[in-house]
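None of these values were measured; they are calculated from a predicted model. The figures that follow rest on heavy atoms only: side chains count, while hydrogens, waters and symmetry mates do not. Positions are given from 1, in the same order as the sequence printed here.
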Amino acid sequence: QVQLVQTGGGSVQTGDSLRLSCAASGQNFDGLAMGWFRQIPGREREFVATIAWTLGSGYYADSVKDRFMITRDTATTTMYLQMNNLKPEDTAVYYCAAKSLMMSGGLAETNGYDSWGPGTQVTVSS
């Protein structure tokens with residue numbers, strides 16, 4: 001399992017921007033993909049974005065497409081989520097994750113990942 005350390009998050013107003021980061025360490029990173037998920041209390045954890053590690057290609061949930069951008073630094077094994085034009089519905093705990101080739105789930109599914117960060121709160125006021 002990969003160790004993931006998250007930074008960023010906070011409380012902002014509608015239209016503001018935030019950048020989250022997720023640094024991976026350990027020898028168990030498969031180098032396939034990392035992703036971002038978010039969770040609101042009482043709801044299932046939902047997919048936000050994922051990035052193909054080698055190519056750097058990002059894929060997004062429809063709810064954040066054109067507002068969020070996922071990037072990575074392969075040298076430091078760090079993933080970022082740039083969140084622009086934030087909306088109240090973006091309020092959630094955001095989790096980063098590293099995908100394992102041994103997991104049966106896809107890139108947009110929680111069961112596709114076996115390493116998770118501790119989560120960070122993002123609150124957007126209207």
Enquirer: Do Gln6 and Leu20 have side chains that get closer than 4.5 Å, going by heavy atoms?
Expert: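 Gln6 does not reach Leu20 side chain to side chain.
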
Enquirer: May I ask you to test the Gln39-Thr110 pair for a side-chain heavy-atom distance under 4.5 Å?
Expert: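 They are not in contact (no side-chain heavy atoms under 4.5 Å apart), so the answer is no.
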
Enquirer: Can you check whether Ile70 reaches Phe68 side chain to side chain, under 4.5 Å on heavy atoms?
Expert: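 No, every pair of side-chain atoms sits at 4.5 Å or beyond.
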
Enquirer: Do Gln13 and Leu86 come within less than 4.5 Å of each other through their side chains, counting heavy atoms only?
Expert: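 The answer is no, as the side chains (C-beta and beyond) never meet within the 4.5 Å cut-off.
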
Enquirer: With a 4.5 Å limit on heavy-atom distance, are the side chains of Trp53 and Lys99 in contact?
Expert: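 Side-chain contact under 4.5 Å: no.
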
Enquirer: Can you find a heavy atom in the side chain of Met79 that is under 4.5 Å from one in the side chain of Leu4?
Expert: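 No, their side chains stay 4.5 Å or more apart.
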
Enquirer: Going from OH on Tyr60 to CZ on Arg67, what distance comes out if it is rounded to the nearest 0.5 angstrom?
Expert: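 The OH atom of Tyr60 sits 12.0 Å away from the CZ atom of Arg67.
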
Enquirer: Checking side-chain contact (heavy atoms from CB on, under 4.5 Å) against Arg19, which of Gln82, Met83, Met69 comes through?
Expert: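 Single pass found, and it is Gln82.
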
Enquirer: What are the two closest non-hydrogen atoms of Ala24 and Met34, and how far apart are they?
Expert: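 What the structure gives for the nearest pair is CB-CE, 4.3 Å.
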
Enquirer: Please work out whether the ring planes of Tyr95 and Trp116 are parallel, tilted or perpendicular, with thresholds of 30° and 60°.
Expert: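 Rings of Tyr95 and Trp116: perpendicular, over 60°.
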
Enquirer: Tell me, please, which residues at least two apart from Asp114 pass salt bridge (charged side-chain N to carboxylate O under 4.0 Å, His left out).
Expert: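 Applying salt bridge (charged side-chain N to carboxylate O under 4.0 Å, His left out) to Asp114 gives none.
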
Enquirer: Do Thr77 and Val2 have side chains that get closer than 4.5 Å, going by heavy atoms?
Expert: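 No, their side chains stay 4.5 Å or more apart.
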
Enquirer: How far apart are the closest heavy atoms of Ala49 and Leu81, and which atoms are they?
Expert: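 Scanning both residues, the minimum pair turns out to be CB-CD1, 4.4 Å.
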
Enquirer: Which pair of non-hydrogen atoms, one from Leu107 and one from Tyr113, has the smallest distance, and what is that distance?
Expert: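 Taking every non-hydrogen atom into account, O-OH, 2.6 Å.
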
